[in-house]
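Beneath this line is the structure, given in structure tokens, with notes to follow.
The chains referred to below are lettered A, B, ... by the order of the sequence lines, with proteins before strands, and numbering in each begins at 1. All of these numbers come straight from a predicted model, not from anything done at the bench.
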Amino acid sequence: MRDLEKTAPARLLEWYDSHARDLPWRIPPKQALNGVRGDPYRVWLSEVMLQQTTVAAVRSYFAAFTTRWPTVQALAAADDADVMGEWAGLGYYARARNLLKCARVVASDYDGVFPDTVDGLRALPGIGPYTAAAIAAIAFDRPAVVVDGNVERVMARLFDVHTPLPSAKAELTDLAGRLTPDTRAGCHAQAVMDLGATICTPRNPACGICPLIADCAAKAAGTAQDLPRKTPKKPKPIRFGVAYIVRRSDGAWLLETRPERGLLGGMLGWPGTGWAETLPDPVPPIAADWRDLSGEVRHTFTHFHLRLALKVAAVGMDARPSRGAFVAATDFRPADLPTVMRKAFDLVRTEVNQEPE
DNA sequence: CATACGTGGGG
DNA sequence: TCCCCAAGTAT
């Protein structure tokens, strides 16, 4: 064990120096070795986007955000609706709400400079234990213990830990801490995560090319495939709902901004019923002659499956909705919608296009 | 400690 | 088709 605590991090860094993935928010190891560090704003933005989200999904969003808002001050000055619209499609929308809150705190209370300690970072909105440690290590080169899903998996295998997650969290964090070096902590953290993402993968790990194979207890025991163990998940129920899609004679669409709290909080959407296991009583948002669409939207969220029926109507310029507001056709971008709402729009457009004027 | 919270890709 | 999972956080 004592030996592994020195050899494993050394092998890991050696591997990272030649195999680090090229990512837009990353300082290449050769530069990092010379003391170059990433812009804390970009490190923070990338880490928030990467929470429970794949690198592939994040790339285009990171490019769009940093182009539109190059600094934390620029982001802090943005309109809420613009930020939510730019985040649309990336999921976990509380991240976008907290992103904006955090940017405004940093801009107003910290003069635009991110705190450089784990505790200081941890106090900011949307920054939890993982993200605080990641920013402290990557942007400020502090020897923080960075533990994400990758690190948990690598540690569980390296030390052949059979305790299921999430119970094993504390134990795996302790093990990760033993391997965290005092220097190059940012590179070390990214190295473990890269290893987990590309070699020590959840399924079919590529142990044959792993730089830590000589240290890996699970490989020796033949248990790598089965680790980390996880407590079984609950089945997802099916929920039902109705959404109303209204077009005014000038082409405007009836939309509403959803409440800040809860599912898709703060995002644009079509007015409709709530979503429940028995279909709620539909209450139209405006008086109109409704037509039921033949198809339905099927969408799966984290904890339930949704089947969303659609009702469509055309209304005149004098129609007054009981909820939501009309958005001019020129101001409406389907890309501003969360995916389930965009699916609904796509379905309406498809069915309407099949009919003659 | 458990639950709510998105989405897209891979097997 | 279906299940798993991904650089987690807030409550």
Touch class at under 4.0 angstrom, heavy-atom based, for A:Leu306 against every strand present: nothing

Integer-rounded Å distance: B:dT7 P and A:Trp87 CH2: 13 Å

Non-neighbouring partners of A:Ser46 that pass side-chain hydrogen bond (donor to acceptor under 3.5 Å, both in side chains), sequence neighbours left out: none

Spacing of A:Gln51 atom CD relative to B:dT7 atom C1', expressed in whole Å: 15 Å

Sugar-phosphate only, base, or nothing, as touched by A:Ser167 at under 4.0 Å among non-hydrogen atoms: nothing

Sugar-phosphate only, base, or nothing, as touched by A:Ile127 at under 4.0 Å among non-hydrogen atoms: sugar-phosphate

Minimum-distance nucleotide to A:Lys230 side chain [options: C:dC5, B:dG6, C:dG8]: C:dC5

Result of checking A:Arg104, A:Arg97, A:Lys101 against A:Asp80 for salt bridge (charged side-chain N to carboxylate O under 4.0 Å, His left out): A:Arg104

From CA spacing to verdict: salt bridge (Lys or Arg N to Asp or Glu O under 4.0 Å), A:Arg157, A:Asp226: CA-CA 9 Å; A:Arg157 289 174 176 167; A:Asp226 309 316; over 6 Å; no

Sugar-phosphate, base or nothing in reach of A:Lys236, heavy atoms under 4.0 Å: nothing

Between A:Phe301 and A:His299, ring centroids under 6.0 Å: yes

Sugar-phosphate, base or nothing in reach of A:Arg26, heavy atoms under 4.0 Å: base

A:Asp148 side-chain proximity, nearest of C:dC5, C:dA7, B:dT7: C:dA7

Sugar-phosphate only, base, or nothing, as touched by A:Arg153 at under 4.0 Å among non-hydrogen atoms: sugar-phosphate

Qualifying residue for ring-ring contact (aromatic ring centres under 6.0 Å, His included) with A:Phe65, from A:Trp44, A:Trp87, A:Trp25: A:Trp87

Whole-Å distance separating the OH atom of A:Tyr92 from the P atom of C:dC5: 13 Å

Selected nucleotide, minimal atom distance to A:Arg203 side chain, candidates B:dG9, C:dA7, B:dA2: B:dG9

Proximal nucleotide (of C:dA6, B:dC5, C:dC5) relative to the A:Lys233 side chain: C:dC5

Strand contacts (DNA chain C) in residues 254-280 of chain A, 4.0 angstrom heavy-atom criterion: A:Arg261

Fellow cluster residues of A:Val118, listed by chain then number, with links counted only when side-chain atoms sit under 4.5 Å apart: none

Selection from C:dA6, C:dA10, C:dG8 that lies nearest to any side-chain heavy atom of A:Thr54: C:dA6

Nearest-nucleotide pick for A:Tyr130, side chain only, options being B:dT7, B:dG8, C:dG8: C:dG8

Sugar-phosphate, base or nothing in reach of A:Gly89, heavy atoms under 4.0 Å: sugar-phosphate

Sugar-phosphate, base or nothing in reach of A:Thr53, heavy atoms under 4.0 Å: base

